[in-house]
Protein chains: 2
Amino acid sequence: MSYEGSSGVVNGRQNGRPTLEQVAARAGVGRGTVSRVINGSPRVSEQTRTAVARAVAELGYVPNQAARALAGSRTDAIALVIPEAEARLFAEPYFLDLIRGVSAELADADKQLLLTLVRSEQERQRFEQYLAAQRVDGVLLASVHGDDPLPDRIRELGLPVVMNGRRSEAEPVPYVDSDNIGAGRAAVAHLVGGGRSRIATVTGPLDMYVARARLGGYRAGLAEAGHAPDEALVSTGDFTEEGGRRAMRLLLDRRPDLDAVFVASDVMAAGARGVLREAGRRVPEDVALVGVDDSAVARLMDPPLTSVRQPIEEMGRTMARMLIREIQGMPEGGGSGGGGEVSEEPRRHVLPTELIVRESC
Amino acid sequence: MSYEGSSGVVNGRQNGRPTLEQVAARAGVGRGTVSRVINGSPRVSEQTRTAVARAVAELGYVPNQAARALAGSRTDAIALVIPEAEARLFAEPYFLDLIRGVSAELADADKQLLLTLVRSEQERQRFEQYLAAQRVDGVLLASVHGDDPLPDRIRELGLPVVMNGRRSEAEPVPYVDSDNIGAGRAAVAHLVGGGRSRIATVTGPLDMYVARARLGGYRAGLAEAGHAPDEALVSTGDFTEEGGRRAMRLLLDRRPDLDAVFVASDVMAAGARGVLREAGRRVPEDVALVGVDDSAVARLMDPPLTSVRQPIEEMGRTMARMLIREIQGMPEGGGSGGGGEVSEEPRRHVLPTELIVRESC
DNA sequence: TACAGGAATGGGAGCGCTCCCACACTAGTT
DNA sequence: AACTAGTGTGGGAGCGCTCCCATTCCTGTA
């Protein structure tokens, strides 16, 4: 008897799902009151609340999202934007972990996740259209490049944004990043501690802040250990395996006597490891290796790769949390005529990284 | 002049974005006409169409999605559901590839992707609420278990569904699957062709159809080669690396003379490979190995693993295409009082797999 | 010349909510 | 007794679309 679950076929309505109005009728109250109960307003007597709750349960009522969005101008959805090019580049589990964190946090807040893979300039523009269509309350951006205008465009539209990573040292848009400088520093410290003295590095593309930061950490680590900087020990990769190979070959050419390499990603480290093997260098006996990401790649390498772990899922959670707070703190979009400036102090979070020691050094 | 892009601040409106009504006023036509132009109705004169198009461009008009959904009862969004537990289990790039395919196809059709990671029974129920709130026009389900009631529940709600994989041989719900039987068969044929005669297999959990199918393919392959079946050569894993290790140990205990193993996933193959090394067996000299997934794991193993590749991204595309067609073919949700039965012939697609030969056999 | 039939168009009537104003009704104040 | 100041509550007025029924203006036909 009316306990058939929420199949929606329970009630005798001939078409579609029950509406607020019908719940109100059944509970013997007005629409406004039901709305208040649904939205948890305190301005309802306990008795009424109970009656409405029963009517809701009996009818299997679920508020229509479109109507809510139209009347209330909030969608309870947020967009996560991932540039397609990056999705291939990065260690593969990265984005899945990020999504996992974001998703978990959003689920707790009862918000929906709209995932957008952007694979071309055209799609980027289409995405801006979506935003303008007021489909989401805010935007999460993953792996933004140094010259990406999207973050600023979104703010112009009056939408809250939080980025994963930053475009530069002085990033004006709120972001969550991992401590990439600390990553480089920890890697070098570990290598120095293992008795290595000619420590090279393979960097990412230097137009990305993350690459510069890891390089900066490497240099800081060397300085702290009292080693002199040596540009011949620095080689630029592009976060791909092949890029890692090329960079490693260059390093061996320039400094055949190197005894350790800090590689700015596991995938590049896999490439570097291949080159070392081909050159007859043993890992870790001749050359020690440290990567970044602590991905499956690292665990499966031979020997298993020491790597700096980033708290990816935690970054996702933090981003979502920041965005939700920002949305709540900004009741009506700031897109009115004039500035559209969101003048709050931009927030930033830098989460710690962790060195996972394995046999490669 | 009015070419400031779509910043929306161009026009003199004091708040929010332009509406249909305003476009109509500017173009000197009625609301209905603008709506017709926006939606590409043929019942508009060329002249009027042009005038409206200009007004739209000048005002930077973008239709409000919520209003559309409310009035037209279609959301232009679809949900992709991924069980969280699976997301960890499977070779990691799997879901990212799937998402990539789905996303690409949806972008072409101008639809939004709502990603839902389901990590508990509670969240599964919450997801059903979302569906009832009419947030999406259809649902894509990834890696459904044999006893999962969700597909049927969704159909009861009158929503189109397409699954990735199937729950059983006789799956009533439309699905896209890869040819797992063919995968097992191809692997065995390759091993036989390489002169192996005592070919074992490590399977997935046998309550999953995908595991049974790969096992079936293995058996078919043996039969075709004229080999007698031998249950001592079959060991059950669970798609994890540790499960692969356990299954491999069992096999070595039972049949120390085996000379090849078809492992139903790369991740399990990595585990098996470790056990073989510990047992002093060389790959491929003593034991040949074939995996499934062709993931990064396979490329990075030592030696690189021969593996059966699934067209994951293509599966994603196909799923999305099927769902879109189903949505279009079903103008109004079938959720009226009575049956709610969607009596169309369920469609199914089985995409071919491909053996990628590397040094492990 | 009168009139049917179609093409193009305008605009009313919702869709199902939220917002908010107005109206009871209750107590507490002068 | 006449007031104020709350509480609950009902319901009108939209939100910005789509749907669809007129209405107008052509044409072509009897």
Side-chain angles (χ1 to χ4, degrees), chain A residues 8 13-52 55-56 59-76 132-135 137 331-333 335, chain B residues 8 13-52 55-56 59-76 132-135 137 331-333 335:
Chain A
R13 304 186 61 257
Q14 45 256 67
N15 185 19
R17 309 196 51 81
T19 69
L20 237 208
E21 189 96 44
Q22 288 160 16
V23 174
R26 176 143 193 154
V29 300
R31 269 188 3 262
T33 303
V34 177
S35 179
R36 262 166 241 135
V37 173
I38 300 281
N39 295 294
S41 154
R43 298 248 153 288
V44 184
S45 73
E46 203 46 53
Q47 194 187 359
T48 309
R49 186 184 308 280
T50 315
V52 170
V56 165
L59 294 175
Y61 171 74
V62 179
N64 179 307
Q65 171 53 24
R68 263 191 157 164
L70 181 55
S73 60
R74 62 165 224 282
T75 64
D76 283 345
Q134 324 196 320
R135 282 165 166 279
D137 296 336
E332 212 56 45
Chain B
R13 304 186 60 256
Q14 44 256 68
N15 185 19
R17 310 197 49 81
T19 69
L20 238 208
E21 189 96 43
Q22 288 161 15
V23 174
R26 176 141 194 157
V29 299
R31 272 190 357 266
T33 303
V34 177
S35 179
R36 263 165 240 135
V37 172
I38 300 281
N39 294 294
S41 155
R43 299 248 151 289
V44 184
S45 73
E46 204 47 53
Q47 194 186 0
T48 308
R49 187 184 309 279
T50 316
V52 171
V56 165
L59 293 175
Y61 170 74
V62 179
N64 179 307
Q65 171 53 23
R68 264 190 156 166
L70 181 56
S73 59
R74 62 163 225 283
T75 64
D76 283 345
Q134 323 195 321
R135 282 165 165 280
D137 296 336
E332 211 56 46

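To find a chain, count down the sequence lines: A is the first, B the second, and so on, and within it residues start at 1. As a basis for the values below, the full set of heavy atoms in this structure was taken, side chains included, without hydrogen atoms, waters or symmetry mates.
Put simply, the side chain of N39(A) reaches to within 4.5 Å of the side chain of R68(A), judged on heavy atoms.
A side-chain contact (heavy atoms from CB on, under 4.5 Å) with V34(A) is found for one member of T48(A), V44(A), V52(A) and no other, namely V52(A).
Between the side chain of Q134(B) and the main chain of Q65(A), no donor-acceptor pair closer than 3.5 Å is present. One N or O on the side chain of R17(B) and one on the backbone of G60(B) form a donor-acceptor pair closer than 3.5 Å.
Put simply, CG on L59(A) and CG on L20(A) are 11.0 Å apart, with the number rounded to the nearest 0.5 Å. Separation of atoms CZ (R135(B)) and OG1 (T75(A)) is listed at 7.5 Å; rounding is to 0.5 Å.
The distance from atom CD of E21(A) to atom C1' of dG14(C) is 13 Å, rounded to the nearest whole Å. Atom CG of N39(B) and atom P of dG16(D) are 17 Å apart (whole Å). The distance from atom CD1 of I38(B) to atom P of dC17(D) is 8 Å, rounded to the nearest whole Å. One atom, CG of L70(A), and another, P of dA13(D), lie 17 Å apart when rounded to the nearest Å. One can place CG of L20(A) at 13 Å from C1' of dC15(C), the figure rounded to the nearest angstrom. Taking atom CG of residue D76(A) and atom P of nucleotide dG16(C), one finds them 19 Å apart after rounding to whole Å. Atom CD of E46(A) is separated from atom C1' of dT9(D) by 16 Å (rounded to the nearest Å). Between the CZ atom of R36(B) and the P atom of dA8(C) there is a distance of 10 Å, rounded to whole Å.
Near-neighbour residues of DNA chain C inside residues 61-68 of chain B, defined by a heavy atom below 4.0 Å, are absent.
Candidate nucleotides dT9(C), dT18(C), dG8(D) were compared by shortest atom distance to the side chain of V44(B), and dT9(C) ranks first. Side chain of A71(B), nearest nucleotide from dA8(C), dA13(C), dG14(C): dG14(C).
The minimum heavy-atom distance linking A27(A) with A55(A) is given by the pair CB-CB, 3.8 Å.
Between S35(A) and the phosphate of dT18(C), there is a side-chain N or O to OP1/OP2 separation shorter than 4.0 Å. For the pair S45(B) and dT9(C), the criterion of a side-chain N or O lying under 4.0 Å from OP1 or OP2 is met. In terms of phosphate contacts, T33(A) brings no side-chain nitrogen or oxygen within less than 4.0 Å of OP1 or OP2 of dT9(D).
Not a single donor-acceptor contact under 3.5 angstrom links the side-chain atoms of R43(A) to the base of dT9(D). A donor N or O paired with an acceptor N or O is not found under 3.5 Å between the base of dG16(D) and the side-chain atoms of R17(B). With hydrogens and angles ignored, no donor-acceptor pair under 3.5 angstrom links the side chain of R49(A) to the base of dG8(D).
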